[in-house]
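Heads up: the structure comes next, in structure tokens.
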There are 2 protein chains.
Amino acid sequence: MKRDEEASAPLGIEDALAQLSFLVHGVVGKIGAEHDLSVIQARLLGILRDRSPGMNELARYLELDKSSITGLVDRAERRGLVRREPSRSDGRAVDVVITPAGRKLVSRLQAEFEKKIAVLVGVLTPAERASLSRLASRIVARD
Amino acid sequence: MKRDEEASAPLGIEDALAQLSFLVHGVVGKIGAEHDLSVIQARLLGILRDRSPGMNELARYLELDKSSITGLVDRAERRGLVRREPSRSDGRAVDVVITPAGRKLVSRLQAEFEKKIAVLVGVLTPAERASLSRLASRIVARD
DNA sequence: TATTGTTATACTCTATAACTATA
DNA sequence: TATAGTTATAGAGTATAACAATA
């Protein structure tokens, strides 16, 4: 949450992670914005890349109320990025499916994200990048 | 942006950083929510902890339009967390100053954040935590 | 003229509560 | 009764454009 002392005193791990988190989040936000997508819309597409969940399941993935998902999917659907398909096993439910246009867009976002992250971690040596990758993976794995 | 393969294949550095970023961002969000604060409001207080910037400067820190800052500060001011002070050097400008109540709240948030992050990085050894901290610091330092 | 900040407006995101339809 | 999803409503967060006041 601080912003000075970059080069001076080493950051505590909380500050280091907080700043890194906002930085990466900002990258997602900027890339999304270039395609008129919010972070949450980008995350939605990212999830639908390899899944076709129902609204409720989507709410659990995104940790949002299901009523929020309605609008989220509405707006994505209006743009032709996803579509609702009636579930065949449950008459109440729908499956949310990514469209070809949605898939194309999310691939593009992914590629741009990788490129920007590559620049950011370019200050590290390959060994350091591998190390960072492993450490970060271990932290998220316990979730 | 993926979510499976945690234990299986090692994550690419982009996925590892993306997941870590959302995780940390989520921690800030949850702690904030416990105090009826959004992430952006928490960040605002964090910035004001050691600064009393004008609206424009605040817009640069938060990378938002200045018109968005007006509402942000309005809501924080309504809750007694910050206050506007007319600048003495520039008749058009105001300084945004954190109040004692705001300072108290942000200290609490910081403490809770540190505690939760400590739990998250508890899967690492002290040496690994130091390593992660240094690597993350170097990435954010170049910003 | 340029800059600081606010206002008006419109849209996205979000939660809560009440509802419909199916299980 | 319980679950899947939507609707109505209200409020926060955001940007754009137009504005006021000061530099």
Side-chain angles (χ1 to χ4, degrees), chain A residues 22 25-26 28-48 51-79 81-97, chain B residues 22 25-26 28-48 51-79 81-97:
Chain A
F22 285 128
H25 205 267
V28 176
K30 271 167 209 148
I31 291 173
E34 287 166 17
H35 299 272
D36 269 297
L37 273 190
S38 64
V39 170
I40 190 67
Q41 289 283 342
R43 284 184 69 195
L44 172 64
L45 294 184
I47 287 172
L48 296 182
R51 266 166 283 250
S52 294
M55 301 295 281
N56 238 311
E57 207 177 338
L58 221 33
R60 279 194 301 276
Y61 276 127
L62 294 171
E63 301 187 270
L64 294 176
D65 190 88
K66 56 185 174 139
S67 67
S68 303
I69 304 296
T70 297
L72 213 56
V73 170
D74 280 351
R75 291 183 289 273
E77 197 168 28
R78 223 179 291 138
R79 293 182 53 176
L81 303 174
V82 311
R83 101 186 101 80
R84 282 169 169 94
E85 261 189 15
S87 163
R88 252 177 312 168
S89 52
D90 187 335
R92 302 166 297 179
V94 301
D95 293 338
V96 183
V97 184
Chain B
F22 283 128
H25 205 266
V28 175
K30 272 167 207 145
I31 291 174
E34 288 166 18
H35 298 272
D36 269 298
L37 273 191
S38 65
V39 170
I40 190 67
Q41 288 283 343
R43 283 184 71 195
L44 172 64
L45 295 184
I47 287 173
L48 296 182
R51 264 165 285 249
S52 295
M55 302 294 281
N56 238 311
E57 209 177 336
L58 222 31
R60 278 195 301 276
Y61 277 127
L62 294 170
E63 301 188 88
L64 295 176
D65 190 89
K66 57 188 174 135
S67 67
S68 303
I69 305 295
T70 298
L72 213 57
V73 170
D74 280 351
R75 291 183 289 275
E77 197 167 28
R78 225 180 289 138
R79 293 180 53 176
L81 302 174
V82 311
R83 104 187 99 81
R84 282 171 169 94
E85 262 189 13
S87 162
R88 251 179 312 169
S89 52
D90 187 335
R92 301 166 298 180
V94 299
D95 293 337
V96 182
V97 184

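Residue numbering restarts at 1 for every chain, and letters A, B, ... go by the order of the sequence lines.
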*asked:* Please report the distance, rounded to the nearest Å, between CD in B/E85 and P in C/dG5.
replied: 14 Å
*asked:* Tell me the interatomic distance from B/M55, atom CE, to D/dA15, atom P, rounded to whole angstroms.
replied: 13 Å
*Sequence neighbours left out, what passes side-chain contact (heavy atoms from CB on, under 4.5 Å) with B/E63? Give chain and number order.*
A/K30
*Residues in salt bridge (charged side-chain N to carboxylate O under 4.0 Å, His left out) with A/D65, at least two apart?*
none
*B/L81 pairs by side chain to side chain contact (heavy atoms under 4.5 Å, CB included) with which of B/V73, B/L37, B/L48, B/L44?*
B/L37
Pairwise N/O distances under 3.5 Å, protein to nucleotides 21-23 of chain D:
unit_1 : atom_1 : unit_2 : atom_2 : d
D/dT22 : O2     : B/R92  : NH1    : 3.4
D/dA23 : OP1    : B/G91  : N      : 2.8

_Show the nearest heavy-atom pair for residues B/Q41 and B/L72, with the distance to one decimal._
NE2-O, 3.2 Å
_B/V97 vs B/V82 side-chain heavy atoms within contact, under 4.5 Å_ = no
*For D/dG5, does either OP1 or OP2 sit under 4.0 Å from a side-chain N or O belonging to A/R84?*
no
*Length of the CZ-P vector between B/R79 and D/dG11, whole Å*: 15 Å
*Which residues share a salt bridge (charged side-chain N to carboxylate O under 4.0 Å, His left out) with A/R83, sequence neighbours left out*: A/E85
*How close or far is atom P of C/dT4 from atom CG of B/D95, stated in whole angstroms?*
13 Å
*Rounded to the nearest angstrom, tell me the gap between atom CG in A/L58 and atom P in D/dG5.*
9 Å
*Using atom CG of B/N56 as one end and atom P of C/dT6 as the other, report the distance to the nearest whole Å.*
10 Å
*All side-chain hydrogen bond (donor to acceptor under 3.5 Å, both in side chains) counterparts of A/R92, not counting sequence neighbours*: A/D90
_Nearest-Å distance for atom pair CD1/C1', residues B/I69 and D/dT16_ = 15 Å
*Relative to each other, are the rings of A/H25 and B/F22 parallel, tilted or perpendicular (30° and 60° limits)?*
perpendicular
*Base versus backbone protein contacts along nucleotides 8-16 of chain C [heavy-atom cut-off under 4.0 Å; B, S, -]*: ----SBBBB
*Given side chains that start at C-beta, do those of A/Y61 and A/R43 come closer than 4.5 Å, heavy atoms only?*
no
